[in-house]
Amino acid sequence: MSEPRIERVVTRGALPIEPASGRFEEIPIENNVWIVGDDEQVVVIDASHDAAAIERAVGERETLGILLTHGHNDHVNAAVELASRLDALIHLHPDDLFIWRETHGDAVPDIELAHGASFWVAGVDLTTLHTPGHTPGSVCFAAPSLGAVFSGDTLFQGGPGATRWEYSSFPQIIDSIRTQLFALPGDTAALTGHGERTTIAAEQPDLDAWIARGW
C-alpha cells in the first residue's frame, strides 16, 4: 500500500473583472488544485479552469469527491465537467450557492459541506472548517496527519484573502483565521488557492498588522 501524499496541479485561466471604466475585462490567473490520496484513491480540492489537466493528474485512481473551498468562478469553473470525467460528487458549502450559480446556473453541487464534516481518503482525515469572510461559504480542509491545511482564499502567504465584495467581511475573515486556522499547530503547512504555500507560524505574527491596515 502506498503512502498518502499531496499533489499540486497549477491551472491557468482568466478572471473577469470590472475596472473603473465599467467595461468588463479578463486578467490571467493561476490556481492551485490539490489532490490528496495515494495510488488507489484521491479527493480533489477545487476544480479550476482545466478539467482535462486535473483528470490527467488523477489518472486511473478513484476520486472520492471534489471538495470546493468556495464558490468563486476561478475555483469552480471546471467542477461540473470534472465531476463528469471522474464520476465524482461535488461538495460546496450552501452559503456560496448563490455565487456558484453565477458560473453554473441550475447545475447544483451534489452535497452540502458543513463545519466539522470529515472525509477519509487513503487513511487521511480531512476535516471541514467553515471560515467565512472571503465569501460566506468559504471553507478550509485540515489534514492533521499530513501536517497541512488547504486554506483556499482565506489565508495566503502574507495575509488574508480579499474582502472587496458586498457579501465579504474583513472582520469575519480575521475572526476565521484567528479562531480556526491559527488554532492549528504552528508547523502546519497552509496550502493556498493561489501562489506558494506558507505555514501557520509564519503568518501568526502579522495578524495585528493586517488588522491595522484593514486587509
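Looking at every heavy atom in both residues, Gly158 comes nearest to Trp210 through O-NE1, 3.5 Å. Across all their heavy atoms, Val124 and Pro4 have their closest contact at CG2-CB, 3.5 Å. The two residues Ser48 and Ile54 come nearest to each other via the heavy atoms N-CD1, 3.9 Å. Closest of all the heavy-atom pairs between Ala148 and Leu191 is CB-CD1, 4.0 Å.
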**OP:** Go through the steps to decide whether Phe150 and Leu67 satisfy the test side-chain contact (heavy atoms from CB on, under 4.5 Å), and finish with yes or no.
**Re:** CA-CA 11 Å; Phe150 301 88; Leu67 313 182; over 6 Å; no
Original post:
Does the pair Asn32 and Val10 meet the rule for a side-chain contact (heavy atoms from CB on, under 4.5 Å), with working shown?
Top reply: CA-CA 5 Å; Asn32 294 326; Val10 178; 3.8 Å; yes
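Grouping the Ile, Leu, Val, Met, Phe, Trp and Tyr side chains by contacts below 4.5 angstrom, directly or via other members, places Leu64 apart from Ile35. Under a hydrophobic clustering in which Ile, Leu, Val, Met, Phe, Trp and Tyr are joined whenever their side-chain heavy atoms come within less than 4.5 Å, directly or via other members, Ile29 and Ile45 fall into different clusters. Hydrophobic clustering keeps Leu126 apart from Leu155 (ILVMFWY residues linked when any side-chain heavy atoms are closer than 4.5 Å, directly or through intermediates). By the criterion of side-chain heavy atoms lying less than 4.5 angstrom apart, applied directly or through intervening Ile, Leu, Val, Met, Phe, Trp or Tyr residues, Val44 is grouped together with Val9 in one hydrophobic cluster. The hydrophobic cluster containing Ile6 also contains Val139, counting ILVMFWY residues as joined when their side-chain heavy atoms lie under 4.5 angstrom apart, directly or transitively.
Partners of His49 under the ring pair (Phe, Tyr, Trp, His ring centres under 6.0 Å) rule, at least two apart in sequence or in another chain, do not exist in this structure. Asp95 pairs by the side-chain hydrogen bond (donor to acceptor under 3.5 Å, both in side chains) definition with nothing, not counting sequence neighbours. Under the side-chain contact (heavy atoms from CB on, under 4.5 Å) criterion, Glu40 pairs with Asp38, not counting sequence neighbours. Residues forming a side-chain hydrogen bond (donor to acceptor under 3.5 Å, both in side chains) with Thr154 (at least two apart in sequence, or on another chain): Thr131. The side-chain contact (heavy atoms from CB on, under 4.5 Å) test applied to Arg164 returns Ala162, not counting sequence neighbours. With sequence neighbours excluded, no residue satisfies side-chain hydrogen bond (donor to acceptor under 3.5 Å, both in side chains) with Thr11. Not counting sequence neighbours, Ser151 has no partner by the side-chain hydrogen bond (donor to acceptor under 3.5 Å, both in side chains) test.
Phe141 CZ to Thr128 OG1: the interatomic distance, rounded to the nearest 0.5 Å, is 5.0 Å. Going from atom CG of Asp96 over to atom NE2 of His70 covers 7.5 Å, rounded to the nearest 0.5 Å. To the nearest 0.5 Å, atom CG of residue Asn77 and atom NE2 of residue His72 are 12.5 Å apart. Here CH2 of Trp100 is found 8.5 Å from CG of Leu97. Values are rounded to the nearest 0.5 Å.
The closest donor-acceptor contact from the side chain of Trp34 to the backbone of Thr192 lies under 3.5 Å. Thr163 contributes no side-chain N or O that, together with a main-chain N or O of His134, makes up a donor-acceptor pair within less than 3.5 Å.
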Compile the donor-acceptor pairs under 3.5 Å between side chains in residues 170-187 and protein atoms, sequence neighbours left out, one pair per line.
unit_1, atom_1, unit_2, atom_2, d
Ser176, OG, Pro132, O, 2.7
Ser176, OG, Gln172, O, 3.1
Thr179, OG1, Asp175, O, 2.7

Between side-chain atoms of residues 194-202 and protein atoms elsewhere (two or more places apart, or another chain), which donor-acceptor pairs fall under 3.5 Å?
unit_1, atom_1, unit_2, atom_2, d
His194, ND1, Glu30, O, 2.7
His194, NE2, Asp74, OD2, 3.3
His194, NE2, His75, NE2, 3.2
His194, NE2, Asp153, OD1, 3.4
His194, NE2, Asp153, OD2, 3.4
Thr198, OG1, Glu203, OE2, 2.5
Thr199, OG1, Ala202, N, 3.1

I'd like a table of donor-acceptor pairs (distance under 3.5 Å, sequence neighbours excluded) in which one partner is a side-chain atom from residues 78-85, with atom names and distances.
unit_1, atom_1, unit_2, atom_2, d
Glu81, OE2, Arg85, NE, 2.9
Glu81, OE2, Arg85, NH2, 3.0
Arg85, NH1, Glu55, OE1, 2.5

Side-chain donor-acceptor distances from residues 106-121 under 3.5 Å, at least two apart:
unit_1, atom_1, unit_2, atom_2, d
Asp110, OD2, Ile90, N, 2.8
His115, ND1, His130, N, 3.0
Ser118, OG, Asp125, OD1, 3.4

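The other residues sharing a hydrophobic cluster with Phe98 are Ile99, Trp165, Tyr167, where clustering joins ILVMFWY side chains under 4.5 Å apart.
Salt bridge status for Glu7 with Arg5: present, with a side-chain N to carboxylate O gap under 4.0 Å.
With contacts defined as side-chain heavy-atom distances shorter than 4.5 Å, the pair Asp46/Asn31 does not qualify.
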